[in-house]
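Down below is the structure, laid out as structure tokens.
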Amino acid sequence: MMAVHDICARVQNGFKARLQSIAIPDTKMNLAISMILYRQGFISSVQRGNHIEPDKEVVQTQPHNIASRRLWLDLKYRDNKPVLQKMSCISKGSKRVYMNVEELKNLTIGRRAKFIPPLQLGEIAIIGTSRGVLEIKEAIEQNHGGEVLCRVI
């Protein structure tokens, strides 16, 4: 669960500092969230690398190098403004937020679900389901509820 807070903070801080790219720990959760951000157009690329730079050629992650493995995200700007304005966690370690498909649908059509305000235009939510980490529309299409990890605008 810590990974979600960590990636939210690192991505937001990277954009605030106007960085070209940032490195985050190479975990399955971080990779899944990064790929959603990439597919939704918030970042321009995701590469594997070490703690110094992205890999020039493919390097397998193995027990001896796992601590130094990183995902490198290229941040995206339009008209010199960050494409991603805010990335905030919904579920926290102390209070996990689970929603069924109906509640997820309510978020996407402009209704509150539980204590969560509806998604705005251009905003996405990232859901942890039994089928992996999905963007909210994918979760609804596949008829899967799950844990609401974070929202991105």
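Numbering of residues begins at 1 and proceeds along the displayed sequence.
At a cut-off of 3.5 Å, with distance as the only test, no side-chain donor of Ser44 or Asp74 sits close to an acceptor on the other residue. The closest side-chain donor-acceptor pair between Gln62 and His64 falls under 3.5 angstrom.
Here the side chain of Gln40 pairs no donor or acceptor atom with the backbone of Leu37 at under 3.5 angstrom. Checking side-chain atoms of Asn100 against main-chain N and O of Glu103 turns up a donor-acceptor pair under 3.5 Å. Gln12 places a side-chain N or O within donor-acceptor distance of the main-chain N or O of Met87, the cut-off being under 3.5 Å. Between the side chain of Asp79 and the backbone N or O of Lys81, no donor-acceptor pair lies under 3.5 Å. Under a 3.5 Å cut-off, the side chain of Asn65 and the backbone N or O of Gln60 do form a donor-acceptor pair. Not a single donor-acceptor pair under 3.5 Å links the side chain of Lys76 to the backbone N or O of Pro82. With Lys137 contributing its side chain and Thr108 its backbone, the two residues share no donor-acceptor pair below 3.5 Å. At distances below 3.5 Å, at least one donor-acceptor pair connects side-chain atoms of Trp72 with backbone N or O atoms of Asn50. Asp26 contributes no side-chain N or O that, together with a main-chain N or O of Arg69, makes up a donor-acceptor pair within less than 3.5 Å.
Remark: Arg18 CZ is packed, more than 12 non-hydrogen atoms of other residues, nucleotides or ligands lying under 6.0 Å away. Residue Lys114 qualifies as enclosed at atom NZ: its count of foreign heavy atoms under 6.0 Å is above 12.
The shortest side-chain heavy-atom distance between Val11 and Ser34 does not fall under the 4.5 Å cut-off. Side-chain contact between Phe115 and Lys95: present, with at least one pair of heavy atoms (C-beta onward) separated by less than 4.5 Å. The side-chain heavy atoms of His5 and Ser91, taken from C-beta on, include no pair separated by under 4.5 Å. Looking at heavy atoms from C-beta onward, Val58 lies out of side-chain contact with Asp55 at the 4.5 angstrom threshold. Put simply, the side chain of Ile116 reaches to within 4.5 Å of the side chain of Val97, judged on heavy atoms. Taking 4.5 Å as the limit, every side-chain heavy atom of Tyr77 sits out of range of all side-chain heavy atoms of Val83.
Here the straight-line distance linking atom CZ of Arg48 with atom CG of Leu31 works out to 5.0 Å at 0.5 Å rounding. Atom CE of Met99 and atom CD1 of Ile127 lie 7.5 Å apart (nearest 0.5 Å).
The pair Arg151-Glu123 meets the salt-bridge criterion, since a charged nitrogen lies less than 4.0 angstrom from a carboxylate oxygen. A salt bridge links Glu138 to Arg39: one of the charged nitrogens lies within less than 4.0 Å of a carboxylate oxygen.
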Leu119 and Ile124: side-chain contact (heavy atoms from CB on, under 4.5 Å), yes or no, with the steps?
CA-CA 7 Å; Leu119 296 177; Ile124 66 165; 5.9 Å; no

Can Val148 and Leu104 be said to form a side-chain contact (heavy atoms from CB on, under 4.5 Å), step by step?
CA-CA 9 Å; Val148 185; Leu104 293 178; 4.2 Å; yes

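Listed by chain and residue number, nothing satisfies the salt bridge (Lys or Arg N to Asp or Glu O under 4.0 Å) test with Arg70 (two or more places apart in sequence, or in another chain). Evaluation of the side chain to side chain donor-acceptor pair (under 3.5 Å) rule for Ser88 yields no partner, not counting sequence neighbours. Residues passing the salt bridge (Lys or Arg N to Asp or Glu O under 4.0 Å) test with Arg112: none are found, sequence neighbours excluded.
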